[in-house]
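What follows is a single structure, written as structure tokens, with notes after it.
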Amino acid sequence: MTEAEFVSSDKIKAALGGRNVYIVTDSNVAELYSDLFFSVRCTVIDAGEHSKNLYTVGGIIADMVRCGCDRKTTVIAVGGGVVGDTAGYAAASFMRGVDWINVPTTLLAMVDSGIGGKTGVDVGGYKNVAGAFHMPKRVLICTEFLRTLPEREWLCGCGEMIKHALLDENIFRATFPAIDKLIARDGETADKLIVMSARYKESVVKADFKEGGLRKRLNVGHTVGHAAEKLDDFRLSHGEYVALGIIAEMSMFRERISADYFDKAVGMARAVCSNGFPRLKAEDITEAAKGDKKNADGKIVVMLPTGGGNVEEIALAPEEFKERLASCLSDL
Ligand code: ADP
Ligand code: ZN
């Protein structure tokens with residue numbers, strides 16, 4: 001398991017200027033950080049999820065061949081989750097696998113998607129169905145990149161950071177009093193919490209290789225979150241739906257959680273997503289949640305944080321899921 005290194009922009013420049021490297025980035029990052037991309041061996045993919053496909057991977061690999069890359073070439077991904085997933089997959093495939101370095105430039109990629117060695121692309125409208133576990137040799141996190149990150153992408157990362165706070169008591173203690181500063185992008189606060197959040201994700205990934213199943217707790221907020229995201233046509237960022245999912249799922253099982261913990265946890269999630277819950281019907285959310293990959297035996301699974309970093313796995317019949325959701329939906 002690669003441990004992320006927290007570095008300054010000089011270290012990023014040095015890595016990108018290394019011998020026998022091939023860089024992949026996206027159009028937004030290339031424009032904002034043009035000084036970084038002096039190397040001629042570079043693919044700039046169109047920014048956005050639509051680029052996460054096999055054609056892009058093919059384009060990267062073809063260009064690597066044209067540029068004379070070989071088995072010793074190191075691919076460096078500089079960008080958000082789309083660049084990391086796509087370039088990582090190209091690195092996993094090129095000549096049956098070459099080394100790669102991940103340089104995440106979004107908050108989400110720094111604390112979540114950029115950690116764990118999952119690479120892959122969407123095929124035929126299905127997300128991440130072609131992929132490989134291909135651990136990057138290095139993960140270089142430079143939080144200076146975040147200065148240019150749009151607000152929506154910032155909140156996206158904050159949603160997953162709140163989730164990590166519910167999974168780990170130390171992170172909770174550090175995040176709860178600092179939530180407004182984090183949302184307001186206070187540099188010192190954010191830097192400290194980003195390290196904690198990234199390290200937490202690393203620890204879960206590392207433990208899961210041996211224990212199995214631990215990664216499941218990362219699905220807190222995602223049962224309702226994913227369903228709402230699909231039904232709402234991705235209007236908000238993924239992390240905002242996770243925050244909304246946390247509010248909804250904790251409200252559905254309020255009787256299992258202390259009032260104090262509920263108020264604090266939901267308060268943090270609301271700070272991330274102040275828009276309120278989208279106008280969706282409990283029936284539709286239930287229908288969408290039925291397709292969740294965590295489910296088994298026709299039941300819908302919710303991972304419920306109950307305080308102190310504990311998570312309860314609750315499997316319930318779709319009818320009960322719908323009733324519980326319907327009874328709290330109007331208060332969300
Ligand atoms: P994510 O990391 O959220 O999974 P993307 O890779 O799609 O997703 O990145 C989200 C958006 O943020 C893209 O439009 C990308 O070009 C842009 N982006 C990535 N890093 C930065 C940055 N440091 N500053 C500004 N925009 C960025
Ligand atoms: Zn997520």
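Along the sequence shown, residues carry numbers from 1. Both ligands and their constituent atoms are indexed starting at 1 by order of listing. Worth knowing before you read on, the calculation uses all heavy atoms, side chains too, and leaves out hydrogens, waters and symmetry mates. The structure displayed is predicted, hence computed values, not measured ones.
- Interface of Gly80 with ligand 1, defined as ligand atoms under 4.0 Å from a residue heavy atom, comprises 2 (O), 6 (O).
- No salt bridge links Lys322 with Glu287; every basic N to acidic carboxylate O contact stays at or beyond 4.0 Å.
- With 3.5 Å as the limit, one finds a donor-acceptor pair spanning the side chains of Asp63 and Tyr22.
- Residues Phe145 and Leu32 fail the side-chain proximity criterion, which asks for heavy atoms closer than 4.5 Å.
- Looking only at protein heavy atoms, the nearest one to atom 20 (N) of ligand 1 is Thr105 OG1, 2.7 Å.
- Ligand 1 has no atom lying under 4.0 Å from any heavy atom of Cys156.
- For ligand 1, the atoms lying closer than 4.0 Å to a non-hydrogen atom of Phe145 are 22 (C), 23 (N).
- No side-chain heavy atom of Trp154 sits less than 4.5 Å from a side-chain heavy atom of Thr106.
- At the shortest separation from atom 24 (N) of ligand 1 among protein heavy atoms lies Thr148 OG1, 2.7 Å.
- For Val29, every heavy-atom contact with ligand 1 shorter than 4.0 Å involves the side chain, none the backbone.
- Between Asp122 and Lys127, no side-chain nitrogen of the basic residue sits less than 4.0 Å from a carboxylate oxygen of the acidic one, so the salt-bridge criterion is not met.
- The closest protein non-hydrogen atom to atom 27 (C) of ligand 1 is Leu149 CD1, 3.8 Å.
- Taking 2.8 Å as the criterion, Asp112 does not count as a coordinating residue of the Zn ion (ligand 2), since none of its N, O or S atoms falls below it.
- Closest approach between the Zn ion (ligand 2) and any N/O/S atom of Glu160 involves OE2.
- Scanning all protein heavy atoms for the shortest distance to atom 8 (O) of ligand 1 gives Gly81 N, 3.8 Å.
- Ring geometry for Phe172 versus Phe176: interplanar angle under 30°, hence parallel rather than tilted (30 to 60°).
- Counting protein heavy atoms only, atom 14 (O) of ligand 1 is closest to Asn28 ND2, 3.0 Å.
- Defined by atom type and a distance below 3.5 Å, a donor-acceptor pair is missing between the side-chain atoms of His134 and Thr119.
- No salt bridge links Glu188 with Lys192; every basic N to acidic carboxylate O contact stays at or beyond 4.0 Å.
- Summary of contacts: the protein heavy atom closest to atom 16 (O) of ligand 1 is Asp26 OD2, 2.6 Å.
- Distance from atom 9 (O) of ligand 1 to its nearest protein heavy atom, with residue and atom name: Thr106 CG2, 3.7 Å.
- The distance from atom OG1 of Thr189 to atom NZ of Lys181, rounded to the nearest 0.5 Å, is 4.5 Å.
- Residue Val82 places at least one N or O, backbone or side chain, under 3.5 Å from an N or O of ligand 1.
- Closest to atom 12 (O) of ligand 1 among all protein heavy atoms lies Glu153 CG, 3.8 Å.
- When atom types are taken as modelled, the side chain of Asp70 and the backbone of Thr73 share a donor-acceptor pair closer than 3.5 angstrom.
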